[in-house]
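Both ligands and their constituent atoms are indexed starting at 1 by order of listing.
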Amino acid sequence: MNLKKAIEKRRSIRLFRKKEVSEKILRHCIDQARYAPSANNKQPLEYLIVNNKKKDELFRCLTFGGEIDNKEGRPSAYIVVLDKNDKDIDVGLAVQNIVLTAFSQKLGSCILGAIDREKIRDLFNIPSNLKIKLVIALGYPAEKPVIEETEGPLEYKRKNGVLIVPKRKLKDIIRYEK
Ligand SMILES: Cc1cc2nc3c(=O)[nH]c(=O)nc-3n(C[C@H](O)[C@H](O)[C@H](O)COP(=O)(O)O)c2cc1C
């Protein structure tokens, strides 16, 4: 898949089909994260794959936006992003590699920062030296969000069941020196 298409067409997906994601694809996504830039090349990130019976418990630690009733259509798998080094900002770069790779494999994903980190730590016995940064929900998409170029407001919302995702216009984000 070409990079332009992947960047432009990837949307956060919050409704998924009931189809498992293979361990091979999950490992591939994490493998691609290894190639991301890393400050001082410290590579502090590690990843926990969750695709077993603890999925439902993890789901209860997450907050999905977009006005969905997630009883049906839950993610098939998750990657919990862990950081050995509190100060680094590598996480966004690595996570972007993961979600774009997932998209190139026909998977939908949603990055989740609104998570109950304490509960997640207990659930998986994550040692205290690892910071829980984000959770990435993954699965085959059961929705097709649509972009709307806007000058604001930026809240995403559903219209007739379709998630509308506002994006700021190019002309509004480039500043020129006077
Ligand atoms: C760091 C980060 C944290 C996020 N946390 C959540 C979250 O907790 N719940 C959620 O439903 N979406 C979350 N999102 C997804 C954003 O809402 C989404 O990226 C945004 O609405 C733009 O939509 P798009 O990804 O389809 O372009 C998060 C995204 C990022 C980058």
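- Checking side-chain atoms of D90 against main-chain N and O of A39 turns up a donor-acceptor pair under 3.5 Å.
- Among L134, V135, L62, the residue whose heavy atom lies nearest to atom 1 (C) of ligand 1 is L134.
- By the criterion of a heavy-atom distance under 4.0 Å, neither the backbone nor the side chain of P145 is placed next to ligand 1.
- Checked against a 3.5 angstrom limit, the closest N/O atoms of G113 and ligand 1 fall inside it.
- At least one side-chain heavy atom of D83 sits under 4.5 Å from a side-chain heavy atom of N85.
- At the shortest separation from atom 4 (C) of ligand 1 among protein heavy atoms lies I111 O, 3.3 Å.
- Of the protein's non-hydrogen atoms, S12 OG, 3.5 Å is the one closest to atom 18 (C) of ligand 1.
- Nearest heavy-atom pair, A137 versus L112, reported as atom, atom and distance to 0.1 Å: CB-CD1, 3.8 Å.
- At least one test fails for R14 against the ring of F64: distance under 6.0 Å to the centre or angle within 45° of the axis.
- Checking only distances, C110 never comes within under 3.5 Å of ligand 1, N or O to N or O.
- The two residues V21 and G139 have their closest heavy-atom pair at CG2-CA, 3.8 Å.
- Within the listing of ligand 1, atoms 11 (O), 17 (O), 21 (O) sit less than 4.0 angstrom from a heavy atom of Y156.
- Scanning all protein heavy atoms for the shortest distance to atom 27 (O) of ligand 1 gives K167 NZ, 2.6 Å.
- Between the side chain of N52 and the backbone N or O of K54 there is at least one donor-acceptor pair closer than 3.5 Å.
- Residue contact check: R10 has heavy atoms under 4.0 Å from atoms 24 (P), 25 (O), 27 (O) of ligand 1.
- Taken to the nearest 0.5 Å, the OG atom of S104 stands 13.0 Å off from the CZ atom of R10.
- The backbone of T63, and not its side chain, has at least one atom closer than 4.0 Å to an atom of ligand 1 (non-hydrogen atoms only; backbone = N, CA, C, O).
- Proximity of a side-chain donor or acceptor of R11 to a complementary backbone N or O of E8 within less than 3.5 Å is detected.
- Only the side chain of V165 comes within 4.0 Å of ligand 1, counting heavy atoms alone; its backbone N, CA, C and O stay farther away.
- Of the protein's non-hydrogen atoms, R14 NH2, 3.1 Å is the one closest to atom 17 (O) of ligand 1.
- Regarding atom 8 (O) of ligand 1, its nearest protein heavy-atom neighbour is A114 N, 2.9 Å.
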